[in-house]
Trainee: 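Supplied in structure tokens, the structure appears directly below.
Note that ligands are numbered from 1 as they come in the structure, with each ligand's atoms numbered from 1 the same way. Only heavy atoms go into these numbers, but all of them, side chains included; no hydrogens, no water, no symmetry mates. Start at 1 with the first residue, then count along the sequence.
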Amino acid sequence: MAGRRITHDKDRCAGLGVCESISPEIFEVGGDGEMVVRVEFVPPESEALVDDAIYSCPTQALSWSQ
Ligand code: SF4
């Protein structure tokens, strides 16, 4: 079981860093303002934080991959 993946819609992302403030282990906004997902697979213990980040992203740029 590798874990679930996150889909990040870069066209929607405004680089505001709400996701990073919720879970810096998973999300990182670089100095260029580009947010990157730091993990390929989300560990089960971090799923609730990712749910929170998906819900909290002001531009709806995050979702679970299908
Ligand atoms: S909270 Fe949303 S808009 Fe902000 S950096 Fe994260 S994905 Fe991008």
Side-chain angles (χ1 to χ4, degrees):
M1 278 291 289
R4 298 165 80 190
R5 290 172 185 256
I6 298 166
T7 296
H8 174 224
D9 185 340
K10 292 186 174 149
D11 291 336
R12 281 178 168 267
C13 178
L16 301 169
V18 177
C19 52
E20 182 186 54
S21 70
I22 292 169
S23 181
E25 291 79 18
I26 305 286
F27 306 101
E28 180 173 19
V29 180
D32 57 1
E34 179 116 335
M35 196 286 280
V36 292
V37 178
R38 300 179 65 200
V39 298
E40 184 171 9
F41 298 104
V42 176
E45 63 271 22
S46 297
E47 285 195 6
L49 284 172
V50 173
D51 276 335
D52 193 9
I54 289 171
Y55 179 77
S56 301
C57 173
T59 63
Q60 281 110 47
L62 298 172
S63 59
W64 288 110
S65 303
Q66 297 303 310

Trainee: Any idea which heavy atoms bring C13 and T59 closest together, and the distance?
Mentor: CA-OG1, 3.9 Å

Trainee: Atom 5 (S) of ligand 1: which protein heavy atom is closest, and how many Å away?
Mentor: G17 N, 3.2 Å

Trainee: Taking C-beta and beyond as the side chain, do C19 and M35 meet within less than 4.5 Å on heavy atoms?
Mentor: yes

Trainee: State the atoms of ligand 1, each with its element, that fall below the 4.0 Å cut-off from a heavy-atom position in T59.
Mentor: 3 (S)

Trainee: Quick test: of every protein heavy atom, which one is nearest to atom 7 (S) of ligand 1, and how far off is it to 0.1 Å?
Mentor: L62 CG, 3.6 Å

Trainee: Taking all non-hydrogen atoms of both residues into account, name the closest pair between L62 and I54 and its distance.
Mentor: O-CG2, 3.5 Å

Trainee: Report, in ascending order of atom number, the atoms of ligand 1 lying under 4.0 Å from any heavy atom of A14.
Mentor: 3 (S), 8 (Fe)

Trainee: Taking only heavy atoms of C13, which atoms of ligand 1 are found under 4.0 Å from at least one of them?
Mentor: 3 (S), 5 (S), 7 (S), 8 (Fe)

Trainee: Should R5 and W64 count as side-chain neighbours, where that means a heavy-atom distance under 4.5 Å?
Mentor: no

Trainee: Among protein heavy atoms, which lies nearest atom 2 (Fe) of ligand 1, and at what distance?
Mentor: C57 SG, 2.2 Å

Trainee: Taking all atoms of both residues into account, what is the closest heavy-atom pair of G17 and V29, and its distance?
Mentor: CA-CG2, 3.7 Å

Trainee: Compare all side-chain heavy atoms of C57 with those of V18 and state whether any distance is below 4.5 angstrom.
Mentor: no

Trainee: Can you tell me the protein heavy atom closest to atom 6 (Fe) of ligand 1 and the distance?
Mentor: C19 SG, 2.3 Å

Trainee: Pick one of side chain, backbone, both or neither for how L16 approaches ligand 1, counting any non-hydrogen atom pair under 4.0 Å.
Mentor: both

